[in-house]
Trainee: 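To start, I am sharing the structure in question, which I have written as structure tokens.
If you're wondering where the values come from, they're calculated on a predicted model, not measured in any experiment. Every chain is numbered from 1, with letters handed out A, B, ... down the list of sequences.
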Amino acid sequence: AEAEALCGVASQAR
Amino acid sequence: VTGGSSAVPGQWPWQVSIVYDGTHVCGGSLVSKKWVLSAAHCFPREHHKDMYEVRLGAHQLDSFVPKAEARSVAQVLVHISYQQEGSQGDIALLQLSNPVTFSRYIRPICLPAANASFPNGLQCTVTGWGHVAPSVSLQAPRPLQQLEVPLISRETCNCLYNIDAKPSEPHSIQQDMVCAGYVKGGKDACQGDSGGPLSCPVGGLWYLAGIVSWGDACGAPNRPGVYTLTSSYASWIHYHVAELEPRVVPQTQESQPDIHLCRSHLALSSAPARGLLG
């Protein structure tokens with residue numbers, strides 16, 4: 001679950 | 001991707017390249033440390049899984065950098081309902097030979113739950129290293145391409161695909177498909193993007209709303225891109241990968257009717273007296 005909790009986030013802002 | 005632009009390194013960290021016998025053939029999306037989602041049509045039955053490699057954290061396909069990783073494929077699960085191009089079930093799960101380490105350039109995208117609904121017109125993004133026009137390859141060093149595309153409802157997409165439809169090539173947008181793109185054409189996914197993500201932003205997170213599946217040419221008018229609707233397969237994915245938890249997508253925006261996008265719909269409704277045939 002720890003891995004999935006980080007989903008959908010890209011550290012590089014547009 | 002036709003009509004797109006180069007992404008910034010790390011901007012789509014779930015995007016992977018699927019390489020067959022040393023050549024990029026499809027895109028894919030990282031959904032956990034060991035699993036990637038792609039399209040079933042990227043894995044013909046006669047191809048052996050040992051001939052595939054998955055590249056993660058890549059930006060330019062022609063320059064391998066330390067932050068990128070490669071894995072071989074331990075298992076390919078193709079959905080049983082996939083028969084041929086345009087049929088249902090164009091989805092595949094790939095198990096990596098070894099888990100990856102998440103980093104700034106390698107991260108998973110969220111899987112939408114079965115009841116997820118993304119509103120018509122939502123601006124999503126399709127990414128990939130595919131052709132930039134029908135049979136025109138992306139030029140070296142092949143940076144990842146990105147394109148913002150609005151979602152189009154199934155009803156409207158069916159209506160569009162019926163404009164100038166060739167009887168020999170019936171197209172129907174099935175229950176497990178979603179469309180995205182532009183009625184006037186020019187901006188779309190293309191060959192080599194298949195299997196890659198249609199990423200949609202909701203509540204500050206990116207969700208894998210669709211998987212690049214098919215289209216009529218690339219960027220043709222009245223022919224938006226057609227994507228496998230990932231949420232239709234939430235239970236299939238959970239059945240095979242128990243640790244993968246689909247996420248409930250918060251309902252933030254009402255879905256507006258978009259049938260007005262389809263010109264032939266207007267023609268029909270504006271001239272009922274002349275008994276126009278459908």
Trainee: What is the minimum heavy-atom distance between Phe102(B) and Leu6(A), and which atoms define it?
Mentor: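 Looking at all heavy atoms of both residues, the shortest contact is CD1-CD1, 4.3 Å.
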Trainee: My understanding is that only residues two or more places apart in sequence, or in another chain, count here; which of them pass side-chain hydrogen bond (donor to acceptor under 3.5 Å, both in side chains) with Asp90(B)?
Mentor: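 With neighbours one apart ignored, the set is His41(B), Ser213(B).
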Trainee: From Trp206(B) CH2 over to Cys7(A) SG, what is the distance, rounded to the nearest 0.5 angstrom?
Mentor: 13.5 Å
Trainee: List the atom of Val9(A), the atom of Pro13(B), and the distance in Å for their closest heavy-atom pair.
Mentor: O-CG, 4.2 Å
Trainee: Might you point out which heavy atoms bring Gln11(B) and Ala10(A) nearest each other, and give the distance in Å?
Mentor: O-CB, 3.3 Å
Trainee: What residues, two or more places apart in sequence or in another chain, satisfy ring pair (Phe, Tyr, Trp, His ring centres under 6.0 Å) together with His59(B)?
Mentor: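 For His59(B) there are no ring pair (Phe, Tyr, Trp, His ring centres under 6.0 Å) partners, ignoring immediate neighbours.
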